[in-house]
Each structure stands twice: as structure tokens, then as C-alpha cells.
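Here the structure comes first, spelled out in C-alpha cells, and everything after it is commentary.
Worth saying up front: this structure is predicted, and the values here are computed from it rather than measured. Sequential numbering from 1 along the given sequence is applied to the chain's residues. When reading the values below, keep in mind they use all heavy atoms of this one structure, side chains included, and skip hydrogens, waters and symmetry mates.
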Amino acid sequence: MIAISIALLVTFLLTAFGSGASPPTQSRPAPANRLLPAGQPRPQVVALHGALRLQLPIDQSRVTAIGYHAVGDGALALDPVGRQANEGLLARVARKLFGGGTHGLTYYQLGGDEGPGTAALDVGAAPGTDVYSPVDGTIVGITPLMLRGKVFGARIDVQPTNEPALVVRLTHLRPDPALTVGSSVAAAISKIGTIIDVSKVERQALARYTQDAGNHVSIELHRPATLAIP
């Protein structure tokens, strides 16, 4: 009788209050506004070069992937902040043993031309996504970008306030109409343009790690003497 009473009590409790299991979830399509231009990104450092900090130029919810590659045009090496997702076995073992690279954004190493493997930073997002300045500074150049004999957006050069001997170069974007040479910009606050689609004229390595054509804004760091007119 005692055993039967206990069994009845357990059955009653499970019926009244449930077993605590979560109901099955159902996946839903991504909202349509995910493809629309977003607002300002949250302040987040994506790369370093000495005392210079590059902020993420795109809203975090719109980023498809982040990659670094060599470009061979005199661009300076950047120090990624985050973890390399496609690192080799030895690098993974070293990170487990000695730590480091566990915080921040996830990025991919994309290869590229000669020069430092982290000279170019590609931040992926859909065409039309808003791009914000990665540094506090002044616009010192807005030059049409030529790809296969046609103009595709512009190259925007920003002189950082705290590192005036350097120039941050951004490409693969259409400049904001209000942007002019001499404009002051603030990191992660000032909109400088929107991403354009160059997938028909340029094979984009970032596409290996995204679900689209790999369009992105590209960021490089130069000394003014190494900048050439495209």
C-alpha cells in the first residue's frame, strides 16, 4: 500500500507540474530586416597596430564573417583581436596550453599575396549594409576605385587622430553623400558609406566562410608614402 501511494503521488506531481522538459523549438526564417542597413555597431575592437585600435565598422548582427589576408601593396600588419577559426592543429594545442586569443571576434586566415598575412582586414556583410569609421580621425581622401576598368565605389582614406603618421584605407564601399575630404569622423559613430557588390568582377575569398558571395568592406593600414592612386 505504501509503494502504491508513493507511485500515485509521483504521478500526480508530474501531471500537475510537468517534467521540466523544454518544449521542442521550431526554426523560423530570418527576419527580412536582417538584410536592411543597420545602425551603429557596439564599440568593439577588431584589430590593433601598436597604440592604434580599429573598431568593428559594421553592426555586429550584420557581420557574415571576418577574414585577414596579405595584399602586397605596402600595407602594415594588423594584430587581430579574437580567435582564428581555421587555425592549424599545433596552433590550437598551443592556445590550449598557453592561452590567448580566446576573447573577441572569430576570424579566418584567407591567404593572399606577398606581405604580412594580416595586412588586410575584410569584414563581411550584405551589399547596402552601413559602414562606420573604424577610427576617430579626418577624411583625407575619397578616390574612385577601379576594378577591371570600371568604377566600383571608392577608396576612403582616414587619418587617425591618435596616429596621424598613418592612414586607414577602406575599399569595397560607396561613400556616404555627406562625406567630404576634411570631414571629422568618430569610431563606430560616423557613417562613411555602404557596402557594394563586387562579386561579378572579383573573386572574394571570404565567400568560403559565408552563405553569400562574400561581399565585405576591406580595411588596410598604410604609411602615407605607400599609398598609390588606384
Side-chain angles (χ1 to χ4, degrees), residues 37-41 43-49 52-59 62-64 66-69 71-78 112 115 118-199 201-202 204 206 214-230:
Q40 298 170 348
Q44 184 172 13
V45 176
V46 64
L48 304 169
H49 180 85
L52 183 66
R53 294 170 172 254
L54 296 179
Q55 299 280 344
L56 189 69
I58 292 173
D59 180 86
R62 300 300 193 264
V63 174
T64 57
I66 296 173
Y68 290 85
H69 59 91
V71 287
D73 62 355
L76 304 175
L78 299 172
T118 58
L121 162 62
D122 293 347
V123 182
T129 302
D130 293 338
V131 178
Y132 293 81
S133 177
V135 293
D136 295 335
T138 304
I139 303 297
V140 294
I142 302 176
T143 311
L145 180 66
M146 302 294 295
L147 295 174
R148 296 190 179 181
K150 296 183 179 181
V151 175
F152 280 85
R155 186 186 84 185
I156 300 176
D157 295 330
V158 185
Q159 184 181 46
T161 300
N162 65 335
E163 290 286 350
L166 301 174
V167 172
V168 177
R169 181 171 80 180
L170 298 95
T171 56
H172 295 73
L173 74 167
R174 179 176 294 107
D176 188 84
L179 198 70
T180 60
V181 173
S183 297
S184 295
V185 291
I189 295 177
S190 300
K191 178 182 172 182
I192 60 174
T194 55
I195 288 180
I196 60 174
D197 185 2
V198 299
S199 59
V201 295
E202 184 176 271
Q204 303 179 102
L206 201 63
N215 286 296
H216 58 274
V217 58
S218 187
I219 302 175
E220 299 174 17
L221 184 64
H222 288 262
R223 300 192 188 283
T226 66
L227 288 173
I229 298 175

Open item on the list: Set out, in order, the CA-CA distance, both residues' side-chain angles and the distance that settles side-chain contact (heavy atoms from CB on, under 4.5 Å) for Arg62 and Ile195, then state yes or no.
Closed with: CA-CA 11 Å; Arg62 300 300 193 264; Ile195 288 180; over 6 Å; no
How many angstroms lie between [atom1] in [X] and [atom2] in [Y], if you round to the nearest 0.5 Å?
X	Y	atom1	atom2	value
Asp59	Thr129	CG	OG1	9.0 Å
Glu163	Arg223	CD	CZ	9.0 Å
Leu173	Thr194	CG	OG1	7.0 Å
Glu220	Asp122	CD	CG	8.5 Å
Ile142	Leu179	CD1	CG	4.0 Å
Ile156	Ile139	CD1	CD1	6.0 Å

Find out whether [X] and [Y] are in side-chain contact, i.e. whether some heavy atom of one side chain is under 4.5 Å from a heavy atom of the other.
X	Y	answer
Leu170	Ile219	yes
Leu166	Leu76	yes
Val151	Met146	yes
Gln55	Val45	yes

Task: Candidates Val217, Leu78, Leu221 - the one meeting side-chain contact (heavy atoms from CB on, under 4.5 Å) with Leu121 - done: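 Going through the options one by one, the only one that passes is Leu78.
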Open item on the list: Please check: side-chain N/O of Asn215 versus main-chain N/O of Ala126, any donor-acceptor pairing under 3.5 Å?
Closed with: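 Flag not set: sc Asn215 to bb Ala126 has no pair under 3.5 Å.
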TODO: Examine distances only and state if a side-chain atom of Gln159 and a backbone atom of Pro164 form a donor-acceptor pair shorter than 3.5 Å.
DONE: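 Yes; at least one donor-acceptor contact below 3.5 Å.
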TODO: List for me each residue that meets ring pair (Phe, Tyr, Trp, His ring centres under 6.0 Å) alongside Tyr68, sequence neighbours excluded, and say none if there are none.
DONE: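 Result, ring pair (Phe, Tyr, Trp, His ring centres under 6.0 Å) vs Tyr68: Tyr107.
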Open item on the list: Under the criterion side-chain contact (heavy atoms from CB on, under 4.5 Å), I'd like the reasoning laid out for Leu56 against Ile66: C-alpha separation, chi angles, the key distance, then a yes or no.
Closed with: CA-CA 10 Å; Leu56 189 69; Ile66 296 173; 4.1 Å; yes
Open item on the list: So, using side-chain hydrogen bond (donor to acceptor under 3.5 Å, both in side chains) as the criterion, who are the partners of Gln40 when residues are at least two apart?
Closed with: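 Result, side-chain hydrogen bond (donor to acceptor under 3.5 Å, both in side chains) vs Gln40: none returned.
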Open item on the list: For residues 138-172, which residue pairs pass the ring pair (Phe, Tyr, Trp, His ring centres under 6.0 Å) check, not counting sequence neighbours?
Closed with: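 Sorted pair list: His172-His216.
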